[in-house]
There are 2 protein chains.
Amino acid sequence: MPLYFQVATRLQELIEKGEIGVGARIENEVDLAERLGVSRPTTRRAIQYLVERGMLVRKRGVGTQVVHPKVRRPVELSSLYDDLVAGDRAPRTEVLRLEVMPASDTVATALEIAPGTPVTWIERLRYAGGEPLALMHNAIPLDVLPLTGDDLAGHGLYELLRSGGLTPRIATQVIGARSATSAEAKVLQEKRGASLLTMTRTAWDAGGRALEYGSHVYRASRYSFEINLSAG
Amino acid sequence: MPLYFQVATRLQELIEKGEIGVGARIENEVDLAERLGVSRPTTRRAIQYLVERGMLVRKRGVGTQVVHPKVRRPVELSSLYDDLVAGDRAPRTEVLRLEVMPASDTVATALEIAPGTPVTWIERLRYAGGEPLALMHNAIPLDVLPLTGDDLAGHGLYELLRSGGLTPRIATQVIGARSATSAEAKVLQEKRGASLLTMTRTAWDAGGRALEYGSHVYRASRYSFEINLSAG
DNA sequence: TACCTCAGTTTGTCATGACAAAGTATTGAC
DNA sequence: GTCAATACTTTGTCATGACAAACTGAGGTA
């Protein structure tokens with residue numbers, strides 16, 4: 001574990017425990033570095049890390065203050081399944097459809113591939129706490145990762161991508177809303193015309209290769225997106 | 001202008017012009033630093049800046065590659081008004097209500113202030129391209145900034161905050177959806193029961209002071225949120 | 001041919017030193 | 001007493017040097 005990360009972790013613990021209160025200034029960089037026996041760049045990097053997470057704020061000529069005792073995590077590239085597991089909401093997945101088919105224009109445009117390129121097309125129904133929560137559609141280029149229904153029933157898509165050595169690094173999401181169609185209302189156990197949250201996402205790996213396109217609808221009555229922002 | 005920023009800007013221009021294509025590797029840090037006559041930390045910092053914006057990806061032992069020719073801006077702490085101005089969509093604001101009143105429990109909890117603390121409560125109708133787009137409710141603690149209706153008609157709320165010396169640094173947003181009430185449908189020129197996007201946001205300044213609470217509804221037929229993420 | 005080892009390349013981490021810029025507090029003059 | 005100039009504190013930027021860790025590819029061996 002890098003030294004700067006150890007320092008950041010120690011600072012974070014002090015703040016979370018309340019030993020350095022909100023609004024209080026932390027020790028200046030030079031003294032802190034000396035006391036911990038590390039160099040100032042290392043100390044700066046540790047502080048920078050916490051600043052980026054929204055815990056600290058720096059002011060030249062003034063010092064570094066605590067602004068929030070909890071880490072505000074940046075929006076993460078995780079899948080719904082991961083979020084639900086983390087939230088202890090007992091997710092279950094029903095795979096409604098899984099087949100290899102040529103990419104439609106919509107999918108091809110989103111993934112920046114040629115129309116007709118074979119992709120794995122997946123339709124899943126995601127349950128949480130025994131109730132349906134979301135209807136999910138995904139397209140994964142066949143040459144990126146072959147998938148089976150068994151995998152998908154018990155794991156999140158992003159988990160499968162990662163175990164296949166594929167790491168999503170960049171994604172574009174569009175969040176909107178619309179009314180449920182009859183078919184959607186039926187599988188989601190909502191009334192016809194109920195409001196749904198929609199989210200489409202395209203994710204790329206470090207090499208700029210498109211990994212996944214997703215077009216999902218969530219029951220607005222049971223789900224919302226939470227986003228924490230921090231401006232540098 | 002800092003040296004590392006000048007280097008980053010030069011690199012960015014090269015990539016945006018396409019002189020360094022997507023997938024291509026850029027010069028290694030040591031050589032680049034020497035050629036530009038700067039130190040390696042400065043070069044690293046410039047590259048780091050572009051990595052954080054999603055243009056470049058680094059791999060130890062391999063090099064630094066271009067993954068996207070355009071900067072993927074992080075989600076910014078801007079207001080809808082600013083977004084619309086930037087998108088050339090001719091925003092107009094109608095102030096429906098503006099009064100000082102004691103904070104409700106909901107508002108007080110969001111702003112982390114005592115219930116009953118005086119806040120300015122604002123209801124606005126935002127138009128874009130001549131059509132209503134969003135119904136916006138805001139609460140600003142009175143001791144943060146006094147506001148008048150004239151200000152709000154011609155400027156975004158965040159613009160006013162900034163001109164008052166208040167800089168939002170951290171915000172939490174929750175995005176959801178629901179059906180329009182009759183009153184909402186009427187002012188937004190939607191049918192009753194139409195799907196609306198909802199967004200609530202609380203913004204804090206660098207000192208951890210809550211600046212603003214907002215609870216807005218957008219016509220889902222005319223608006224959606226776009227979010228770009230980059231991990232790691 | 002297939003696999004392993006090892007050298008080379010490139011980024012990751014860390015230390016030390018120095019000066020600049022911005023904000024705060026003190027001191028002095030009027 | 002008030003205001004302005006000055007000194008001090010603290011973060012921001014930059015240079016130099018060094019070693020570590022991860023990946024690549026060539027070469028040797030079974």
Side-chain angles (χ1 to χ4, degrees), chain A residues 1-11 15 20 23-67 162 165-167 169 205-209 230-232, chain B residues 1-11 15 20 23-67 165-167 169 205-208 230-232:
Chain A
M1 187 186 280
L3 197 48
Y4 78 89
F5 195 79
Q6 295 175 36
V7 174
T9 305
R10 283 175 63 176
L11 273 175
I15 294 164
I20 309 176
R25 282 204 333 224
I26 67 173
E27 205 173 352
N28 78 63
E29 294 175 356
V30 180
D31 291 353
L32 184 62
E34 191 177 357
R35 191 165 61 77
L36 298 178
V38 300
S39 72
R40 191 179 155 213
T42 301
T43 310
R44 270 187 73 76
R45 187 157 177 192
I47 292 173
Q48 184 62 31
Y49 176 78
L50 296 178
V51 167
E52 281 164 6
R53 305 191 89 179
M55 293 182 84
L56 299 177
V57 167
R58 298 211 248 217
K59 286 181 195 166
R60 187 189 298 197
V62 180
T64 304
Q65 284 180 307
V66 178
V67 289
R162 288 201 175 86
L166 302 163
T167 310
R169 290 294 276 274
D205 74 356
R209 182 171 56 156
S230 69
Chain B
M1 188 185 280
L3 198 48
Y4 77 91
F5 195 79
Q6 295 176 35
V7 174
T9 304
R10 282 175 64 174
L11 274 174
I15 294 164
I20 309 177
R25 281 201 337 222
I26 67 171
E27 205 172 353
N28 78 62
E29 294 174 357
V30 180
D31 291 353
L32 184 62
E34 192 177 357
R35 192 164 62 77
L36 298 178
V38 300
S39 73
R40 192 179 155 214
T42 300
T43 309
R44 272 186 72 75
R45 187 156 178 193
I47 292 173
Q48 184 63 30
Y49 176 78
L50 296 178
V51 167
E52 281 165 7
R53 306 193 85 177
M55 292 182 84
L56 300 176
V57 167
R58 300 211 247 217
K59 285 182 196 163
R60 186 189 298 196
V62 180
T64 304
Q65 284 180 308
V66 178
V67 289
L166 301 162
T167 311
R169 291 295 277 271
D205 74 357
S230 68

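Convention: sequence-line order gives letters A, B, ...; per-chain numbering from 1. What's counted below: heavy atoms across the whole structure, side chains too, no hydrogens, waters or symmetry copies. Everything numeric in this text was worked out from a predicted model, so none of it was measured.
Residues meeting the side-chain contact (heavy atoms from CB on, under 4.5 Å) test with B/R44, sequence neighbours left out: B/E29, B/R40, B/R58. When the side-chain contact (heavy atoms from CB on, under 4.5 Å) test is applied to B/Q6, the partners found at least two apart in sequence or on another chain are B/M1, B/L3.
With rounding to whole Å, B/E34 atom CD is found 14 Å from D/dA15 atom C1'. Atoms CG (B/L36) and P (D/dC14) sit 13 Å apart, rounded to a whole Å. Taking atom CG of B/L3 as the reference point, atom P of C/dC19 lies 18 Å away to the nearest angstrom. Distance OH (B/Y49) to C1' (D/dT13): 16 Å, rounded to an integer number of Å. Note: CD (A/Q48) to C1' (C/dC14) measures 17 Å, nearest angstrom. Between the P atom of D/dT10 and the CG atom of A/L56 lies a distance of 16 Å, rounded to the nearest Å.
If you take CZ on B/F5 and OG1 on B/T42, they are separated by 14.5 Å, rounding to the nearest 0.5 Å. A/L36 CG to A/L11 CG: the interatomic distance, rounded to the nearest 0.5 Å, is 7.5 Å. In this structure, the separation between CZ on A/R45 and OH on A/Y49 is 11.0 Å, given to the nearest 0.5 Å.
Looking at heavy-atom distances under 4.0 Å, B/P41 makes contact with a base.
An OP1 or OP2 oxygen of C/dC14 is reached within less than 4.0 angstrom by no side-chain nitrogen or oxygen of A/R45. OP1 or OP2 of D/dT13 lies within a sub-4.0 Å distance of a side-chain N or O belonging to B/Y4.
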Inset, instruction - Assign a letter to each nucleotide of nucleotides 3-11 of chain C from its 5' end: B, base within under 4.0 Å of a protein heavy atom; S, sugar-phosphate only; -, no contact. - result: ------BBB
Inset, instruction - Might you work through the side chain to side chain contact (heavy atoms under 4.5 Å, CB included) test for A/V66 and A/L56, ending with a clear yes or no? - result: CA-CA 5 Å; A/V66 178; A/L56 299 177; 3.8 Å; yes
